[in-house]
Amino acid sequence: MALVLTYTAARQLSQMLLALAFFHGSEYLLALVIHGISNVNLASLLISNHYILAMILSFLEYFVEILLVPELKEHWWVSNMGLALVVIGEIIRKLAIITAGRSFTHLIRTSHVEHHKLVTHGIYKFVRHPGYCGFLIWAVGTQIMLCNPLSTIAFAYVVWRFFAQRIPYEEYFLRRFFGPQYEEYARRVHSGVPFIR
């Protein structure tokens, strides 16, 4: 147990717990401020059974590796690069939420509502789905920060695959709601998720 309580472990695990708390806490707080308490529930924390399982497996990998190959966790430049990605991903995602305001929801809209506008300014001028882009960077960054090679690959693949299915579904409705305006925007601006046009 002494190996788990090394300076490296304490630093990496505290950064991970802070990253998780800040990501989900700020996500929930922004949803409350933007949509009001009557329109926000625990789903706004973005915590699903699959997500919990992924995080448990990443912590399991971390503890197994720090016990069996502790030198793997001592690559500070890798861990610091992961921390930088966590911060960058967080900034991109939160800019997306704040810029879109009431048009940003955690669930895909399947019917158009009056206040739902096509947002093409701010960060949306450069990335079509900055919320997804930010989450992908953040999620992979958490695993790089922990120096978890298996979870880094798994998170990158699983999160990318999730968005590869979600983005076309969401864009089907965006094309229905905004027609040629969205078509032109989609031609001009990249999705923000690699290999998803």
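Within the 3.5 Å criterion, the main-chain N or O of Arg197 finds a donor-acceptor partner in the side chain of Arg128. Between the side chain of His75 and the main chain of Trp77, no donor-acceptor pair closer than 3.5 Å is present.
Counting only residues at least two apart or on different chains, no salt bridge (charged side-chain N to carboxylate O under 4.0 Å, His left out) pair has a member in residues 130-150. Within the structure, the ring-ring contact (aromatic ring centres under 6.0 Å, His included) test picks out the following pairs touching residues 125-154 (sequence neighbours left out): Phe23-Phe135, Phe23-Trp138, His129-Tyr132, Tyr132-Phe163, Phe135-Trp138.
A search for side chain to side chain contact (heavy atoms under 4.5 Å, CB included) contacts involving Tyr169 returns Ile108, Thr110, Phe173, not counting sequence neighbours. Here Phe22 pairs with nothing under the ring-ring contact (aromatic ring centres under 6.0 Å, His included) rule; sequence neighbours left out. Under the salt bridge (charged side-chain N to carboxylate O under 4.0 Å, His left out) criterion, Glu74 pairs with no residue, sequence neighbours left out. Applying the ring-ring contact (aromatic ring centres under 6.0 Å, His included) criterion to His112, with sequence neighbours excluded, gives His116, Phe177, Phe178. Taking the side chain to side chain contact (heavy atoms under 4.5 Å, CB included) definition, one finds that Arg175 meets it with Glu171, Tyr182, Glu183, Ala186, sequence neighbours left out. Arg188 is linked by a salt bridge (charged side-chain N to carboxylate O under 4.0 Å, His left out) to Glu184, counting only residues two or more places apart in sequence or in another chain. For Leu72, the side chain to side chain contact (heavy atoms under 4.5 Å, CB included) partners at least two apart in sequence or on another chain are Glu65, Val69, Pro149.
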Item to check | Gln143/Leu146 under side-chain contact (heavy atoms from CB on, under 4.5 Å): CA gap, chis, key distance, verdict | outcome: CA-CA 5 Å; Gln143 300 312 302; Leu146 292 176; 4.2 Å; yes
Next on the checklist: Could you walk me through whether Phe162 and His50 satisfy the side-chain contact (heavy atoms from CB on, under 4.5 Å) test, starting with their C-alpha distance in whole Å, then the side-chain angles of each, then the deciding distance to 0.1 Å, before giving a yes or no?
Outcome noted: CA-CA 11 Å; Phe162 174 76; His50 291 105; over 6 Å; no
Next on the checklist: Thr6 vs Ile66, test: side-chain contact (heavy atoms from CB on, under 4.5 Å). Steps then yes/no.
Outcome noted: CA-CA 9 Å; Thr6 64; Ile66 205 161; 4.2 Å; yes
Checklist entry - Between Trp76 and Gln12, does a side-chain contact (heavy atoms from CB on, under 4.5 Å) hold up when you go through it step by step? => result CA-CA 10 Å; Trp76 287 94; Gln12 290 170 334; 5.5 Å; no
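The NZ atom of Lys125 lies 11.0 Å from the OH atom of Tyr185; values are rounded to the nearest 0.5 Å. Here Ser79 contributes atom OG and Met16 contributes atom CE; the two are 11.5 Å apart, rounded to the nearest 0.5 Å. The line from CD of Glu114 to CZ of Arg102 is 9.0 Å long, rounded to the nearest 0.5 Å. The distance from atom CG of Leu85 to atom OG1 of Thr142, rounded to the nearest 0.5 Å, is 10.0 Å.
Under a hydrophobic clustering in which Ile, Leu, Val, Met, Phe, Trp and Tyr are joined whenever their side-chain heavy atoms come within less than 4.5 Å, directly or via other members, Leu18 and Met81 fall into different clusters. One hydrophobic cluster holds both Ile196 and Val159 under the rule that ILVMFWY side chains link at heavy-atom gaps under 4.5 Å. Cluster membership for Met55 and Leu150, using ILVMFWY side-chain heavy atoms within less than 4.5 angstrom, is not shared. Hydrophobic clustering (side-chain heavy atoms under 4.5 Å, transitive across Ile, Leu, Val, Met, Phe, Trp, Tyr) groups Ile167 together with Leu136. In the hydrophobic clustering of ILVMFWY residues, with side-chain heavy atoms under 4.5 Å counting as a link, Ile153 and Met145 come out apart.
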Would you tabulate the side-chain donor-acceptor contacts of residues 86-99 under 3.5 Å, counting partners in other chains and residues two or more places apart, or write 'none'?
residue : atom : partner : partner atom : Å
Glu90   : OE2  : Lys94   : NZ           : 2.4
Arg93   : NE   : Glu27   : OE1          : 3.2
Arg93   : NE   : Glu27   : OE2          : 2.9
Arg93   : NH1  : Gly131  : O            : 2.9
Arg93   : NH2  : Glu27   : OE2          : 2.6
Lys94   : NZ   : Ser26   : OG           : 3.3
Lys94   : NZ   : Glu27   : OE1          : 2.9
Thr99   : OG1  : Leu95   : O            : 2.6

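Across all their heavy atoms, Ile123 and Pro130 have their closest contact at CG2-CG, 3.8 Å. Scanning all heavy atoms of the two residues, the minimum distance from Ala164 to Pro168 falls at O-CD, 3.1 Å. Of all heavy-atom pairs between Cys147 and Val78, the closest is SG-CG1, 4.1 Å. Residues Val193 and His190 share a closest heavy-atom pair of O-CE1, 3.4 Å.
For His115, the NE2 atom sits in a packed shell: over 12 heavy atoms of surrounding residues, nucleotides or ligands are nearer than 6.0 Å. Within 6.0 Å of CD1 on Ile37 lie no more than 12 heavy atoms contributed by other residues, nucleotides or ligands.
Classification of the Phe63-Phe59 ring pair by plane angle, with boundaries at 30° and 60°, yields parallel.
Side-chain contact between His106 and His35: absent, with no pair of heavy atoms (C-beta onward) separated by less than 4.5 Å.
Taking a 4.5 Å side-chain heavy-atom cut-off between Ile, Leu, Val, Met, Phe, Trp and Tyr, the cluster of Tyr157 extends to Val158. Summarising the hydrophobic clusters (Ile, Leu, Val, Met, Phe, Trp, Tyr; side-chain heavy atoms under 4.5 Å, direct or chained), the residues clustered with Leu57 are Leu53, Leu60, Val64, Leu68.
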